[in-house]
Every structure is written in C-alpha cells, then in structure tokens.
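Below is one structure, written out as structure tokens; the observations come after it.
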Amino acid sequence: MKKHYYNKILSSLEICKTFKELKQIHGIMIITSVIKYIIPLSKLIDFCTNSEPQNLDYAESIFVRIHRPSVYIWNSMIKGHSNTKNPIGALVMYKEMQQLGYSPDHFTFPFVLKPCAAILDIRVGKCVHNRILKTGFEADLYASTSLIHMYVCCVDLESGEKLFDESPKWNVVGWATMIAGYVNNDRASEAIRVFKEMECQGVDPNEITIVNVLVACAHCRDLVTGRWVHDRIRQLGFGSGRLNLSSNVILDTAILEMYAKCGSLKVARTFFDEMPQRNVVAWNSMIGAYSQYGRTSEAFRLFVDMRFSGLEPDEATMLSLLSACAKLGALSLGQGLHAYVEKTNSGDHVSVDTSVMDMYAKTGDTQSAFRIFSGLQRKDVKAWTSMIIGLAMHGHGKEALNMFNEMQRDESVIPDHITYLGVLSACSHAGFVDEGYKHFNSMRDVYGLVPMEEHYCCMVDILSRAGKLTEAECLVKTMPIKPNIAVWGSLLNGCEIHDNVDLAEQIENQITELKPQGSGVYVLLANIYAKAGRWQGVKRVRDLMRHNGFRKTHGWSSIEPKLLVS
DNA sequence: ATAGGGTTAG
C-alpha cells in the first residue's frame, strides 16, 4: 500500500507543472507520510527552488521542519536563494550549513560563489576558495570556473588569471569566463588575446564567447579581428547566416556594434538592414553609431523609422540623440527632443535629464542648462562635469571654476579625468596659470588621477597662451607619456601667439616624426615662418605637406538640419 | 542538480 503511494507521488512530482498542483501533492505527502522519504522530499523542494523566487518561502517552510537535511537539499535551498534579487540569503545558508557540521560538496560551490560575484563579496569568496582547497575540489571544473568568475567580477583579475593559468584544460565556459572578465574590466585587448589562444588550443567558441569577443573588438576598434570573427561565425553556422529560426538578435547586434564602433558605418548599416530581427537595442546601436560619428540627420531619420516600425524608444535612444545634438550644437533639434522626452515620459530618468542638461550646456543655452541642473534629483559627477565643460566651452571660465569649487563641497561627488579636462580648459579660457597648475597637481595628489595626454595638452595650452613658453616646453619634455601631436600643437600655438620662431623650428622636427594625420599643425607652422619672414621655412613646410598628401582644409561650420522631431 | 552573454551621457 505504502509503496504504491510512494511511486504514485514520485511520478506526480515528475509531471507536476504548476505551483498549485505542487501544494496538493505536498498535502498528500503529509497525509501518507511519504514526506519522510528523502527522494520525494528533495523533489518537492527542488520544484520550489527552481520555479518563481516567491516560492522560495514555501521551500523554506518545508526545509525548517526537516531534522537532518541532506547536502542535496541544502544545495537546493542555497541555489534557490542564489537566484533571487537578494542572493545574500545563499551565503547565510552556506554559513549555517557549515556551522551545523555539514560538509559542502562540489555542487554547493557554484551556488554560493554566484552570490559572492553578484554582491561583489570577495571576502566570503576567498573563504569559499579556501574551503574548496580544503575539501579537495579545486580540480572540479564547475567550482573552479565559478571561482574565476567570482574573482573577475570582484575586479581581482590577477587571482582569476592565476587560477586560469594553473589549469591547462578549460572548456568553452572557462575560456568565456576569462574573456568576459577582461571585457568587463576594460581590458579588451587581453580578451582578444585570450580568444585567439582559445582558437589555437582548438576549443570552438560558442555564441556567448563570440559576443564577448565582438564587444572587445568594438572596444579596441580592431576591425581586422572583428572581420575574422565574423567569418568564423559564418563558418560555425551561428546567427542569422542561415535560417531565420536560428537567428540570434544579441549576436547580430554585437556584429553590428563591432562594425559601427570600428567606423565601418556602411557595412554596419547594410548588416542592420538585413537583420532578420531588430529589437530596441539593435536600433539604439545603429542610432548611436550615427550620433557618435556626427551623422545627426541619419540618426534622426532612423529614430523616425524606429517609431514607425512600432518600437518605443528608450533611455539609450534619447541619450544618443541628445549627445548628437550636444556635439553639433544643434540647439533647436535638442529642444525638440526635450519636448518629446517630456511629452512621452520616455525619459523618466535622471540620466536623460542630465543628458538634456548637457545638450543645453554644450549648445550654449546656459540658462536652460542651469534650470535643469538645479532641478536634478541627483547630481552625479557627470552632471557637474557637463555644466563645467559647457561653461568653459562658451567662455565662462570663471563660472566653470566656481562650479567646480561648489562641486567639491559635495562629498558624495568625486571628480574624474573628464571633470579635470573641463577644469583645465576653463583655466585656459580664463588665462589662469596658477590656478591651472594647482588643479593639475591636485588631480593626482588629492584624487589619485594620473593625468592623461589630454590633461598635459590643456596644461601646455595654458602655459603657452600665457607666454610661458619655456615652462611649457619643459613640461612637454618631462611628461611621462610620449607627447602626441596635440601636445606639440598646443606648444606651437603658443609660438604663434608670442612670435617664437626658434622654438617652432625645434618643434618642427618632433612633429614631422609623428607624421600628423591632418594639415592643422603644418598650416600653423607655415604661418609662424611667414610672419617672421622665413620664406625657406615656409617652402620646407609646404613641401612636407605635399609630400604627405595634405592640402589646407577649408573652414567648416555646422548648421542645424530641419527635421521633424515630435 | 552546478559555471559564462548585447545598447546607454561628459
């Protein structure tokens, strides 16, 4: 009789589909005492922990009544917690399990490492690592892959790399974990390197690995590898290459994004047009590409098409379009977007408000920018930076610096590299040499921000404009990064303002070595020589230009294209 | 029973 119940209940649990059914089975299990048997009991808990997160409470209520839960049941409970929004519960259970004397097995570790990675708790993660070593599970593929994932999520790439290098045999998931780790920590070139290693080892990538490496190629603007990966996709028969059935929007979007970021807008567009499916992200990617390359009218045309195709633009769409307006100084277009955002509530987000503000600041409508700025729910470093740069760009150097001082009074906001670009350019516009020095030094001393070549460029600009050419030259010669053409250009600009032909002549040699990709510095150089009557110099520079295939570019300006926005 | 994924402002 009992055996009969047992088998019947077990098979009901197998085919059970809904939570309601499960509760009925649970009731029968209690009445028939089948609840005492470990296998049906485990299946009962498994069902709860594998379904909706809210059913975890139900599992918990069963769990607390079990006298000696098996490790399987502990694992099941920990897994349930690890898949919730608050995965810390998994760590609590893991701790409790060990305090009660249960020893975790190789199934336990992935469930407990996932929450560590999610909440970035490397401390507990390391404890789990120790436990893995003590229990001798370090060779388990799942446990070690989870460990690497935990380390790279917690930004400890070295520990991840160490584990990865210790084992010579990884399957595609292990490789993918390392590749994603590099991508997510802004080390795209290493992601590409590891991907190539994986190919050399003869491990075939799957779609996830491919997506990751495409992101890396986009990041590095590595079109050569990107194309190669695209070929590989066709070889492996992934994505939309064949049937519509097997099309993968994510993969296709990653390909699109790779071409777009690498500047192959035409290829990107053709690919976009031929994609069998397009979601909001795909549209955003294409719109963002046009925006980034200053092709505002194409971006807006696509925006119109997107709405026509029945898709709702989201934050990312708005952010791209607004930044395009900001970049081109397209105020009325930006105003139109502002109105659209208000009307459709599509920008019910601080980030969109900040972006609207940035657009006003950059296009020179300082008042509107201020109005939005003061009404912002949360003023983050980007908001402050936008205001500072906007003010500096439009000749309000003093106000920009006041803004920066005010920002520093807010302890929750920490300036970054970009903030300092705004600050230094403000000093340059206002002609504040000492203040410029002060900020240039404090970015490293106070905030630990190592100046990049752009910052050196600003500083050289400040000094050169003020006529302190010797100091400027000294800075260029002692800077720890190899000065690029922009840095030399700033110095040369100072030579022009202050008629220093000798220094210009010295710079000429440095510049020709760098083979500039534009005609700007040559023209500057020629002007300096011409002004001083050094006609030989003028001729030399002209020959140099011709030799490098440059002609003086004509002046350019931007006008606002008329487009219907709302 | 267990591990890895795309767009977004300055």
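To find a chain, count down the sequence lines: A is the first, B the second, and so on, and within it residues start at 1. Please read all numbers here as calculations on a predicted model, not as lab measurements.
The residue A/K261 sits close only to the backbone: its heavy atoms come under 4.0 Å of sugar-phosphate atoms, none of a base. Note on A/V249: a base of the nucleic acid sits closer than 4.0 angstrom, heavy atoms only. Among the atoms of the strands shown, none is found under 4.0 Å from any heavy atom of A/F109. The residue A/S285 sits apart from the nucleic acid: no heavy atom pair falls under 4.0 Å. Looking at heavy-atom distances under 4.0 Å, A/S320 makes no contact with the nucleic acid at all. Residue contacts for A/N206: at a heavy-atom cut-off of 4.0 Å it reaches a base atom on one of the strands shown. Residue-level contact check: A/D46 touches neither bases nor backbone, having no heavy atom under 4.0 Å from any strand. Residue A/S146 is in sugar-phosphate contact alone, with no base atom involved, counting any heavy-atom pair closer than 4.0 Å across all strands shown. Among the protein residues, A/D140 comes within range of no part of the nucleic acid, since none of its heavy atoms lies under 4.0 Å from any strand.
When ring centroids are compared, A/W175 and A/F164 come within the 6.0 Å threshold. The aromatic ring centres of A/F303 and A/W283 sit 6.0 Å or more apart. Ring centers of A/Y420 and A/F440: at least 6.0 Å apart, outside the cut-off.
A cation-pi arrangement is absent between A/R131 and A/F109, since the terminal nitrogen or guanidinium carbon is not both under 6.0 Å from the aromatic centre and inside a 45° cone about the axis.
For DNA chain B, the contact window with chain A, defined by any atom under 4.0 Å from a protein heavy atom, covers B/dA1 to B/dG10 in 5' to 3' order.
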Set out, in order, the CA-CA distance, both residues' side-chain angles and the distance that settles side-chain contact (heavy atoms from CB on, under 4.5 Å) for A/F271 and A/M275, then state yes or no. CA-CA 6 Å; A/F271 190 84; A/M275 273 168 70; 3.9 Å; yes

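Within residues 356-365 of chain A, the residues approached by DNA chain B to less than 4.0 Å at the level of any non-hydrogen atom are A/D358, A/K362, in residue-number order.
For the pair A/N185 (side chain) and A/R187 (backbone), a donor-acceptor distance under 3.5 Å is absent.
Among A/N206, A/V213, A/N212, the single residue meeting the side chain to side chain contact (heavy atoms under 4.5 Å, CB included) criterion with A/T209 is A/N206.
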Show me the donor-acceptor pairs within less than 3.5 Å that the side chains of residues 256-264 of chain A make with the rest of the protein, sequence neighbours left out.
residue : atom : partner : partner atom : Å
A/E257  : OE1  : A/S285  : OG           : 2.3
A/E257  : OE2  : A/K261  : NZ           : 2.6
A/Y259  : OH   : A/H230  : ND1          : 2.8

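Ring planes of A/Y102 and A/W74: tilted class, angle from 30 to 60°.
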